Amino acid sequence: MRASRLFFPTHKEDPAEAEAISHKLMIRAGLVRQLAAGLYVYLPLGLRVIARVNAIIRDEMNAIGAQELSMPVLQPAEIWQQSGRYGEIGAEMFRLRDRGGRDMVLGMTHEEIVTWLAAREIRSYRDLPQIWYQIQTKLRDEARPKSGVLRTREFIMKDSYSFDADEESLEKSYRLHIQAYNRIFERAGLKFYMVESDPGMMGGAVAHEFMAPSSAGEDEVALCPSCGYAANVELARSEPARPQFPAPGIKEIATPGARTIEEVSKFLTLTPDLLVKSLLVMTKQGPVLAMVRGDQDLLEAKLARIVGSNRLADPGEVKEITGAEAGFTGPLGLDIRMIADESLRDGVFVIGANRNGFHIGGVVPGRDFQVEFADIRQVREGEKCSHCNASLKLERCIEIGNIFKLGTKYSGPMGASYLDEQGSERPVIMGSYGIGPARVAAAAVEQLADGKGIVWPPAIAPFTVHLVLVQPADGRQAEMAEKLYLELAALGVEALLDDRAVSPGVKFAEAELLGCPVRVTIGKRAVAGGQVEAGLRRGGEEYKFEAGVAAAKIIDLIKNKC
RNA sequence: CGGGGCGUGGCGCAGCUUGGUAGCGCGCUUGCUUUGGGAGCAAGAGGUCGCCGGUUCAAAUCCGGCCGUCCCGACCA
C-alpha cells in the first residue's frame with residue numbers, strides 16, 4: 001500500500017475527549033473516528049488491525065474443530081422470552097418493532113439464537129459434540145460507553161458455543177477453548193491472565209475471564225504470585241490478618257458524636273479491625289443487615305449473589321428500621337436477615353447499639369446474635385492467598401475474553417435436547433465463549449505504546465514494514481524504494497510505502513505514531529552508500545543492509561527480532 | 001440513573017467574570033524557497049459561538065430549558 005493513496009488522517013494533538021492511551025492513539029493514528037457515544041467508524045488502518053486479530057481467531061478456532069457460521073443481529077423478541085432473558089435484561093437491550101408490529105430486539109449476544117438452531121437440528125448423541133462460532137456485531141445500550149473502543153454500544157465479538165452430551169464432554173470443549181484462547185492472545189502479543197470470574201447473568205456455575213493488565217481496564221483481578229491463584233475481585237477470596245481480640249462480655253459504651261468507623265475507632269482507641277461496619281441494604285425481600293469488619297469494604301456484587309439486587313438504605317429508612325441514625329447501626333435487637341462477612345467469625349467486636357450516641361463492645365457474632373456468615377468483602381492487596389498463604393496482588397485489567405459453562409440454562413427452556421444411546425431424551429450441555437477483537441487491539445496499544453505512538457505486536461500490526469522514502473522527487477531514491485517494495489511483496493510482506501511529498505520529519509513522526517514493527521528508510525544516504533537502514537519500532541535497534549539483499553534481510557529481521 | 005466537567009472554523013484552545021461587529025496555534029489552499037526528524041516566507045479560504053427561549057438598544061458573554069459529549073459512581077451477556 002502506498003501512503004499517498006491510503007486514507008489515514010492523523011492528528012498531532014490528543015483529542016480533547018479521550019482519556020485512555022489507546023483511545024488517544026487510535027484516533028491520532030487515524031484508526032478510528034467516533035460517530036456518537038460508543039459508536040465508532042473503523043478507518044482502513046483500524047480495520048486492517050481488526051482483520052488481523054480476526055484471522056488469528058479464525059485460525060485457532062478452526063484448529064480446535066470449531067465451525068464458523070453467522071447469525072442475525074436482528075432477532076424476534078419471542079426467542080428471548082423463551083429463554084426468560086427478555087424480562088431479566090433491562091434497558092441494556094435495544095428493543096424495537098417491525099412493520100407488522102412484532103417485538104424485535106438487536107442481539108446483545110447469541111445464546112438464544114444458537115440454542116434455537118441446536119434445538120431444531122441436533123437430534124442424536126451422534127450429532128455431538130459441536131462447537132459453532134461467528135464473528136458478529138453485538139449491540140448493547142450501555143449505561144456508560146467509555147475509553148474509546150474499550151466499551152462501545154456496537155461492537156464485534158467472536159462468540160462460540162459448545163454442545164455436548166454430558167458434563168465430561170463439556171469439560172473437554174471448555175479446555176479446548178482455554179487452549180485456543182491462550183494461543184490467540186499469545187499470538188496477538190498480549191500480556192494476559194486467565195482468572196476465575198462471576199458467571200453473572202450468563203448463568204452456569206463455572207466461568208473464567210481472560211484479562212490483559214492495563215490501567216485503562218474496568219476490572220480488577222487478585223493474583224497470587226506464589227500458587228497462581230487468579231480471580232476477578234468480584235469473587236476473589238483471601239485470608240485477612242486477624243487482630244488480637246479483647247475478652248468477650250457485652251457492655252454498652254457511650255460514643256457521643258462518633259458515627260464513622262474512623263471516629264469510633266479514634267474515640268475508643270481501638271483499631272478499625274475490632275469494629276463491625278453494619279450496612280443496612282434494601283432488597284426485594286426487605287431490609288438486610290450486611291456486616292463487614294471496620295477495616296474492610298463490602299463488595300456489593302458478592303452480597304448480590306446472596307440477596308439479589310440491593311441498594312444502600314437511605315437515612316430515613318435506617319432510622320425507621322433500626323430506631324437510630326446511620327452511624328449507630330448494629331445487629332442486636334433487629335429482626336431482619338443478617339449476613340456477616342466470614343472474617344467476623346470467632347471474634348470479639350464493637351457494634352452499633354441502634355441507639356444514638358452508643359455502641360456495644362465485647363460482642364461475639366454468631367453467639368450473641370444469629371447471623372449467616374458469607375464472603376461479602378472486597379479483597380485487598382497484601383491479604384493472604386486462601387490456597388497458599390502468600391500475599392495477593394491486585395491488578396487492573398481489560399477483559400479481552402471470557403468462557404462460561406452454561407450447562408442446561410438455555411437448552412432446557414428452549415428444548416435443545418438429543419436422544420442418548422438408550423433412546424432417552426436429554427438436554428444438550430452448553431458452553432459459551434467470547435472474545436472482543438477491538439479490545440484485543442486496544443489492549444495491545446495500552447500495553448506497548450510509548451511517548452511517540454503505537455507499538456504494534458507484529459502479528460496484528462496494520463503493516464509489518466513501513467518503508468520511508470525520504471525524497472520521492474529524487475529518482476534514485478524512488479527507484480530504490482520501489483524495487484524494495486516490490487521485492488518484499490514478492491516475498492509475501494505487504495509494506496506501507498510512504499511516497500508522499502511531505503517533509504521527512506512528518507514521515508518519521510507518523511511512522512512512529514502508526515507503530516509498524518519495522519521501519520525501513522531510503523534517502524540520500526541509501527543512494528550514496530547502497531545500503532538501506534532498518535529500525536525496530538520496539539526497542540529501537542538499527543540495522544544496515546546492502547540494497548541487493550535488503551528484502552531477504554528484512555524478512556530475517558521480522559522472523560528473528562519481532 | 002446520581003454527581004461533576006466541557007460544547008467557539010477540520011483539530012487543539014483563548015475570549016465569558018465586567019454584554020458593544022470573534023481571536024490564537026495546528027491543519028487546509030496558492031506561489032516561491034526548502035528536503036534525514038512534525039520546514040521557511042508571502043498571500044488566502046474557512047465560524048448559525050450546540051439548540052430553543054428569555055433579559056437588553058445590543059448576547060459567544062447574563063438567565064431558563066433542552067441536546068450532545070467526556071470523567072467519577074451505579075450498571076455491565
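Since the structure is predicted, the reported quantities are computational estimates derived from the model, not experimental observations. We name chains A, B, ... by the order of the sequence lines, and we start the count at 1 in each one.
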A.B. asks: By nearest nucleotide on RNA chain B, pick out whichever of A:Asn310 and A:Gly38 is the more 5' one.
C.D. replies: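 Nearer the 5' end of the strand: A:Gly38.
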
A.B. asks: Nearest to the A:Ser503 side chain among B:rC71, B:rC76, B:rG38, which nucleotide is it?
C.D. replies: B:rG38

A.B. asks: Assign A:Ala473 to base, sugar-phosphate, or nothing according to its heavy-atom contacts below 4.0 angstrom with the strands shown.
C.D. replies: nothing

A.B. asks: Is A:Arg519 side chain donor-acceptor paired with the B:rG37 base, going by distance under 3.5 Å alone?
C.D. replies: yes

A.B. asks: Please determine, for the side chain of A:Glu17, which listed nucleotide (B:rU69, B:rC71, B:rC75) has the closest atom?
C.D. replies: B:rU69

A.B. asks: Measuring only the C1' atom in each nucleotide, how far is B:rG23 from B:rG38? A whole number of Å is fine.
C.D. replies: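 24 Å, rounded to whole Å.
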
A.B. asks: Which one, B:rA39, B:rC75, B:rG38, comes nearest to the side chain of A:Glu300?
C.D. replies: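 The nucleotide sitting nearest to the side chain is B:rC75.
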
A.B. asks: I need the CG-C1' distance between A:Asp14 and B:rC70, as an integer number of Å.
C.D. replies: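 After rounding, the reported distance stands at 14 Å.
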
A.B. asks: When rounded to the nearest Å, what value does the distance between C1' atoms of B:rC26 and B:rA39 take?
C.D. replies: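 So the two C1' atoms sit 14 Å from each other.
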
A.B. asks: Looking only at atom C1', what distance separates B:rU61 and B:rG50, rounded to whole Å?
C.D. replies: 16 Å

A.B. asks: Would you kindly check whether a donor in the side chain of A:Glu533 faces an acceptor in the base of B:rG36, or vice versa, at under 3.5 angstrom?
C.D. replies: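 Checked by distance alone, the answer is yes.
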
A.B. asks: May I ask you to decide whether A:Glu325 forms a salt bridge with A:Arg259, counting only side-chain N to carboxylate O separations under 4.0 Å?
C.D. replies: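 Salt bridge between A:Glu325 and A:Arg259, a charged N being under 4.0 Å from a carboxylate O: yes.
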
A.B. asks: Quick test of your reading of the model: are A:Asp295 and A:Lys277 salt-bridged, counting only N-O distances below 4.0 Å?
C.D. replies: no

A.B. asks: Is it the case that the base of B:rG38 and the side chain of A:Glu510 share a donor-acceptor contact (distance under 3.5 Å, atom types as modelled)?
C.D. replies: yes

A.B. asks: Could you give the distance separating B:rG7 and B:rC16 at their C1' atoms, to the nearest angstrom?
C.D. replies: 14 Å

A.B. asks: Give the rounded distance in Å between these two atoms: CD of A:Glu218 and P of B:rC75.
C.D. replies: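 Atom CD in A:Glu218 sits about 13 Å away from atom P in B:rC75.
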
A.B. asks: Who does B:rC32 pair with, Watson-Crick or G-U, both distances under 3.5 Å?
C.D. replies: B:rG40

A.B. asks: In whole Å, what separates the P atom of B:rG3 from that of B:rC66?
C.D. replies: 13 Å

A.B. asks: Decide, yes or no, whether a salt bridge links A:Glu171 with A:Lys405 under the criterion of side-chain N to carboxylate O below 4.0 Å.
C.D. replies: yes

A.B. asks: Return the pairing partner of B:rG10 with a 3.5 Å limit on both distances, Watson-Crick or G-U wobble; otherwise return none.
C.D. replies: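 Paired with B:rG10, as far as the under-3.5 Å criterion goes, is B:rC26.
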
A.B. asks: Grab the CD-C1' distance between A:Gln471 and B:rU35 for me, whole Å please.
C.D. replies: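 Between C1' of B:rU35 and CD of A:Gln471: 5 Å.
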
A.B. asks: Could you state the atom-to-atom distance from CG of A:Leu513 to C1' of B:rG37 in whole Å?
C.D. replies: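 Distance check: A:Leu513 CG to B:rG37 C1' gives 14 Å.
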
A.B. asks: Students often get this wrong, so: under 4.0 angstrom with heavy atoms, is A:Ala526 touching a base, only sugar-phosphate, or nothing?
C.D. replies: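 Result for A:Ala526 = base.
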
A.B. asks: Under 4.0 Å between any heavy atoms, over every strand shown, what does A:Ser83 touch: base, sugar-phosphate, or nothing? Just pick one.
C.D. replies: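 A:Ser83: no heavy atom of the nucleic acid under 4.0 Å.
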
A.B. asks: Is a donor-acceptor pair below 3.5 Å formed from side chain A:Arg28 to base B:rG38, judging by atom type as modelled?
C.D. replies: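 Side chain to base: pair found, below 3.5 Å.
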
A.B. asks: Rounded to whole Å, please give me the gap between CG in A:Asp314 and P in B:rA74.
C.D. replies: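 Taking atom P of B:rA74 as the reference, CG of A:Asp314 is at 19 Å.
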
A.B. asks: Counting heavy atoms from C-beta on, name the nucleotide in B:rG36, B:rG12, B:rC76 closest to the side chain of A:Ala16.
C.D. replies: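 Shortest atom-to-atom distance from the side chain points to B:rG12.
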
A.B. asks: With both distances under 3.5 angstrom, what nucleotide forms a Watson-Crick or G-U wobble pair with B:rG2?
C.D. replies: B:rC72

A.B. asks: Closer than 4.0 angstrom, basic N to acidic O: yes or no for A:Glu399 and A:Arg151?
C.D. replies: no

A.B. asks: Do any side-chain nitrogens or oxygens of A:Lys12 fall under 4.0 Å of OP1 or OP2 in B:rG27?
C.D. replies: yes

A.B. asks: Would you say B:rG36 has OP1 or OP2 under 4.0 Å from some side-chain N or O of A:Lys524?
C.D. replies: yes

A.B. asks: So A:Phe210 and A:Phe192, would you call those rings parallel, tilted or perpendicular, with 30° and 60° as cut-offs?
C.D. replies: tilted

A.B. asks: Quick one: look up who B:rA60 pairs with, Watson-Crick or G-U, both distances under 3.5 Å, and put none if it's unpaired.
C.D. replies: none

A.B. asks: Closest-nucleotide mapping onto RNA chain B: is A:Pro15 or A:Val527 further toward the 5' terminus? I mean the 5' end.
C.D. replies: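 Nearest-nucleotide comparison on RNA chain B picks A:Pro15.
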
A.B. asks: Please lay out, stage by stage, how A:Asp219 and A:Arg396 fare under the test salt bridge (Lys or Arg N to Asp or Glu O under 4.0 Å).
C.D. replies: CA-CA 6 Å; A:Asp219 288 276; A:Arg396 195 156 266 282; over 6 Å; no

A.B. asks: Taking CG from A:Asp498 and C1' from B:rU35, how many angstroms apart are they, rounded to a whole number?
C.D. replies: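 Those two atoms, CG and C1', are 14 Å apart.
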
A.B. asks: Have a look at A:Arg144 and say if it touches a base, only the backbone sugar-phosphate, or nothing, with a 4.0 Å heavy-atom cut-off.
C.D. replies: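 Base contact - A:Arg144 has a heavy atom under 4.0 Å of at least one base atom.
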
A.B. asks: A:Glu13 has an atom CD; how far is it from atom C1' of B:rC24, in whole Å?
C.D. replies: 12 Å

A.B. asks: Using whole Å, what does the distance between atom C1' of nucleotide B:rC72 and atom NZ of A:Lys146 come to?
C.D. replies: 9 Å

A.B. asks: Using the C1' atoms only, state how far B:rU34 lies from B:rU48, rounded to an integer number of Å.
C.D. replies: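 Comparing C1' positions in B:rU48 and B:rU34 gives a spacing of 41 Å.
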
A.B. asks: Identify which nucleotide among B:rU69, B:rC76, B:rG38 has an atom closest to any side-chain atom of A:Glu92, counting heavy atoms from C-beta outward.
C.D. replies: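 The closest nucleotide is B:rC76.
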
A.B. asks: Report the base-pairing partner of B:rC49 (Watson-Crick or G-U wobble, both distances below 3.5 angstrom), or none.
C.D. replies: none

A.B. asks: With the threshold set at 4.0 Å, does a side-chain nitrogen-carboxylate oxygen contact exist between A:Asp14 and A:Arg28?
C.D. replies: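 Looking at A:Asp14 and A:Arg28, the cut-off is met.
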
A.B. asks: If I pick the C1' atom on B:rC1 and the same atom on B:rG19, what distance separates them, to the nearest angstrom?
C.D. replies: 38 Å

A.B. asks: Run the salt-bridge test on A:Glu111 and A:Arg85 with the 4.0 Å N-O cut-off and return the result as yes or no.
C.D. replies: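 Between A:Arg85 and A:Glu111 there is a salt bridge, with a charged N closer than 4.0 Å to a carboxylate O.
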
A.B. asks: When you compare B:rC62 with B:rU17, how far apart are their C1' atoms, in angstrom units rounded to a whole number?
C.D. replies: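 It comes out at 11 Å once rounded to the nearest Å.
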
